[in-house]
Amino acid sequence: MKLLTLIPPAAAMLLAPLLFGVIHRTKAWFAGRQGRPLLQSYFDLWKLLHKGAVYSATTSWIFRAAPMTALAALLTASLLMPFGHVAAPLEFPADFLLFIGLLGLARFATVLAALDTGSSFEGMGASREVFFSALAEPVLLLALATLVRQAQAGGPGSLATVFQRLTTRVHWLHDGPILALVVSALLVVLLAENARIPVDDPQTHLELTMIHEVMVLDHSGPDLAFIVYGTALKLWLLAALVVGMVLPPVSAIWLNLLLATAGMGVTAVAVGVVESVMARLRLALVPQLLVGAGALAAAAFLLGLA
Amino acid sequence: MLTNLILILVVLSNLKLLASSRLGAAIRVVAAQGVALGLLPILAHREPLAAHALLLAAGTITLKGVVFPWLLLRAIREVHVAREVEPFVGYSASLGAGVLILGISFWMCTRLPMPASIASSWLAPVALFSIFVGLFLIAARKRAISQVLGFLVLENGVYTFGVGVTSRTPLIVEIGVLLDVFVAVFIMGITIFHIQREFDHTAAAPAGEGKD
């Protein structure tokens, strides 16, 4: 294993909470406020790690194991995602299936813990989370299948080879429309999977309307830190997926990394802009949004076949 | 290249029509689709620009991009409807059906013998897709305006097929089709207005009797 391959997971682990800072600053800028410090998420995580955890008497070992399981799954997933055209430490054909599976495992652990508390609010949140992700996951799979097909890697390549071929060999004028469809579908998935507006509002304080936040109400201290950090990692990984397929490589490695980091910043700003200019969708309309994203991905897949 | 872009716009606008309940937005989408398709005869033909292609493009854009939207927007303003209510097939289900139709169209076109001179391999599938989506909209929606829009999409599909696949359709046939559609939309706009007026009248009569 080359030392260079450690860069993508290290970047994910170190810089992921920064994305929240960028999103918050963008929203603050739109609202004409100063906003909280860029590094506030790191301070919050540090504070949470030094607190004690409180466990309800009705919970079992599942509740304690879930935050660690979720974080472990997401950390493993970060070993699969290349960044800035530097290959990831783990790379094998069709590794994107494992990537999607690990995201699913993290969600499964969080949902189990939410159900374990026996709280009716958390059960409701878990139900919504599972419903929406059941719609978002096929979109992600379909979008990635389209990417792999467009990359013409001769069989299911790894994420690194797919990104490599997409950004160098694909004729953008010819395949551009298809890739644009895939990118827009992936951006909707990114917003939905990370519980951002227009699907879910991370800032809300009303349990009835929450989706992701309501599932983690009973976690405290280090457990909550794990979950918050895991959310940041998930946002980073999905954004890295979008950035990886769009950014073409340049000759120098450090320049590639710099460009990719800038791309992540742009994605975070875009999420912040969406959150500033859009209201949250009615819950009944969210499935429609996800089905629409699925239709885009399916159309891209079919157009790619012809 | 540009042909492919237009065809993707057509696919997207069809999907949008399947998913949206707002009639005003739907009319504008159909208008945009008409304008995009109006550019097709200029782009689809390899030979140097003929007056025939330019004339067809100008006619299509004027009719589908300006006249029809104006007629239909006027119709929904007159009869005070803004959105489709309780369609026979819901919007998510319609979108799903749309994707299925797209798949079927692509599959069908692998079975059809195509002329070698076709401008884009997506032309025939997208044309079939428009035709099926038009039929679907006519069958699945309750509002008369939505059904008129379905008819327009259906005609757009036929037009795409005609312009893209057959290399030289006689100008007179194309203009004739355009004229037919114009008359149809014109009559439908008037009919919708009259249905509404009649309906209002009959609905108001019992209430008036109750007061006396």
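As a basis for the values below, the full set of heavy atoms in this structure was taken, side chains included, without hydrogen atoms, waters or symmetry mates. Numbers restart at 1 for each chain; the letters A, B, ... are given by sequence-line order, proteins then strands.
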Who wins among B:T110, B:N4, B:I8 for the most heavy-atom pairs under 4.5 Å with chain A?
B:I8

Does one side chain, of A:N194 or A:T231, offer a donor that lies under 3.5 Å from an acceptor on the other?
no

Consider side chain to side chain contact (heavy atoms under 4.5 Å, CB included). Of B:V30, B:I27, B:L12, which one does B:L17 pass it with?
B:V30

Most heavy-atom pairs under 4.5 Å with chain A, out of B:V99, B:L9, B:L18, B:V11, belong to B:V99

Can you tell which part of B:L102 gets under 4.5 Å to a heavy atom of chain A, answering side chain, backbone, both or neither?
both

Turns out that what part of A:I178 lies under 4.5 Å from chain B's heavy atoms comes down to both

Is it true that A:E275 and A:R280 have a side-chain N and a carboxylate O under 4.0 angstrom from each other?
no

The side-chain hydrogen bond (donor to acceptor under 3.5 Å, both in side chains) partners of A:D200 (sequence neighbours excluded) come to none

